[in-house]
Amino acid sequence: MILELSQLSKAYSQFDFGPVDLTVDEEVLAVLGPSGSGKTTLLSLIAGITGLDSGSILLDGRELVGQPLEDRHVGMVFQEGALFPHMTARENIEYAATASDHVDELATLLELEEVLNRKPPTLSGGERQRVALARSLATDPDVLLLDEPLSSLDAPIRKRLRDELHNLFESLEIPILYVTHDQRTATALGDRIAIVRDGGLEQVGSPSTVLTRPTNRFVARFTGNENLFEGSVTDRAADGARVRFGDLQLQTTASDISTSAVTVCIHPSRVEVETPIVADGNRSVNTVTGTVARWLNEGSVYRVDIQIEAGSLTLTANVRPPTFERLTIDNGSEIQVLIPQESIHLIPELE
Ligand code: ADP
Ligand code: MG
């Protein structure tokens with residue numbers, strides 16, 4: 001199955017969606033964007049819940065535009081499962097099922113056997129979302145659309161269900177669009193990520209490309225690239241451009257930068273820190289000294305703000321707890337910062 005959207009557009013009185021071109025193969029496309037950017041609109045247009053103004057939606061070459069909802073074979077799961085409260089979990093799933101033996105198969109797959117005879121108000125949030133998912137899969141959809149299905153759940157259940165979904169999605173072999181405003185969910189579940197802003201697509205690519213090679217500042221900020229600086233290219237050697245920003249001049253691996261003015265973008269997870277002594281022993285290119293300005297324990301990483309040398313700029317590094325503890329980092333600590341050449345991404349600044 002392959003889903004091909006072309007020139008899809010819809011105008012509301014206060015909001016223009018599209019035109020959007022997008023192809024989704026048998027993969028999970030995570031649709032990531034801020035609230036109000038048009039993520040739900042995109043799904044509603046594909047499902048046929050919202051009528052479009054223009055464009056085409058091809059599913060394996062079959063035009064969906066103009067077809068009623070029930071003929072589109074599109075499964076949809078919403079933030080709040082929207083189950084029938086007076087029916088049991090089993091009845092909710094059966095209501096949609098193409099064949100009744102399907103229900104038990106799905107119940108096993110989604111670990112729902114124990115709760116099949118209960119009604120939605122007596123189920124936990126996680127169980128309700130699994131029933132909603134079973135119901136949408138019971139229709140044997142050719143495309144699956146999920147609109148923030150986990151966002152109403154508590155963190156531990158959300159993480160567990162996310163891991164389960166990952167395995168389930170792999171087995172489905174249909175195009176899946178998964179809407180979220182959470183970057184971690186997007187990178188965990190998406191084979192590719194589409195970044196949505198103001199009704200348009202800003203960038204579509206693999207999670208690692210979108211995270212470390214954002215095409216503009218909006219994508220960079222939205223994916224946690226907090227280190228963004230105005231810079232200028234000073235030298236274009238064959239092995240990569242050199243860039244100046246603040247008082248720093250660093251070597252990059254960028255070889256295709258056409259402009260002189262650039263935004264220097266360095267993801268905090270790509271910045272390495274070391275004690276002054278150890279790093280002095282094998283001081284390499286792109287090693288600079290700095291002073292810790294502040295730090296924050298974010299659980300799985302420490303976020304450390306480092307005032308660089310002459311004090312012209314502050315760089316944020318995500319530091320793993322063992323490294324943080326080994327270096328006994330605190331405010332005022334002197335520290336060496338290594339910025340690997342390949343971790344410096346340059347975004348051309350067009351006039
Ligand atoms: P997201 O899901 O990314 O939060 P939506 O797709 O729900 O965003 O909404 C995008 C924009 O479209 C919002 O500004 C919203 O107000 C507008 N919008 C959505 N549905 C309607 C509607 N039925 N009528 C008018 N405006 C709408
Ligand atoms: Mg929405």
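Numbering of ligands and ligand atoms starts at 1, following listing order. Just so it is clear, the structure is predicted and the values come from calculations on it, not from any experiment.
When the options Tyr12, Phe17, Phe15 are ranked by their closest heavy atom to atom 20 (N) of ligand 1, first place goes to Tyr12. The heavy atom nearest to atom 10 (C) of ligand 1, out of those in Ser35, Ser44, Gly36, is found in Gly36.
Residue Gly33 places every heavy atom at 4.0 Å or more from ligand 1. Contact analysis puts Pro34 in contact with ligand 1, with a non-hydrogen atom separation below 4.0 angstrom.
Protein heavy atoms are absent from the 4.0 Å sphere centred on atom 16 (O) of ligand 1. For atom 25 (C) of ligand 1, a protein non-hydrogen atom is found at a distance below 4.0 Å.
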Problem - Trace of the side chain to side chain donor-acceptor pair (under 3.5 Å) decision for Thr209 with Ser206 - result: CA-CA 5 Å; Thr209 302; Ser206 72; 2.8 Å; yes
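Nearest protein heavy-atom contact of atom 9 (O) of ligand 1 is Thr41 OG1, 3.9 Å. For atom 8 (O) of ligand 1, the closest heavy atom belonging to the protein is Gly38 N, 3.2 Å. In terms of protein heavy-atom proximity, atom 7 (O) of ligand 1 is closest to Thr40 CB, 3.6 Å.
Side-chain contact, Arg217 with Thr263: a donor N or O sits under 3.5 Å from an acceptor N or O. No donor-acceptor contact under 3.5 angstrom links the side chains of Gln7 and Ser54, judged on distance only. A donor-acceptor contact closer than 3.5 angstrom links the side chains of Thr223 and Asn225. No hydrogens or angles considered: nothing links the side chains of Ser232 and Ser260 as a donor-acceptor pair under 3.5 Å. A donor and an acceptor atom, one from each side chain of Thr215 and Gln203, are located under 3.5 Å apart. Donor-acceptor pairing under 3.5 Å is lacking for the side chains of Asp305 and Trp295. In this structure, a donor-acceptor pair under 3.5 Å is absent between the side chains of Gln307 and Thr291.
Within ligand 1, the atoms closer than 4.0 Å to a non-hydrogen atom of Ser37 are 1 (P), 3 (O), 8 (O), numbered from 1 in the order shown.
The Mg ion (ligand 2) does not have Gln79 among its coordinating residues (no N/O/S atom, backbone or side chain, under 2.8 Å).
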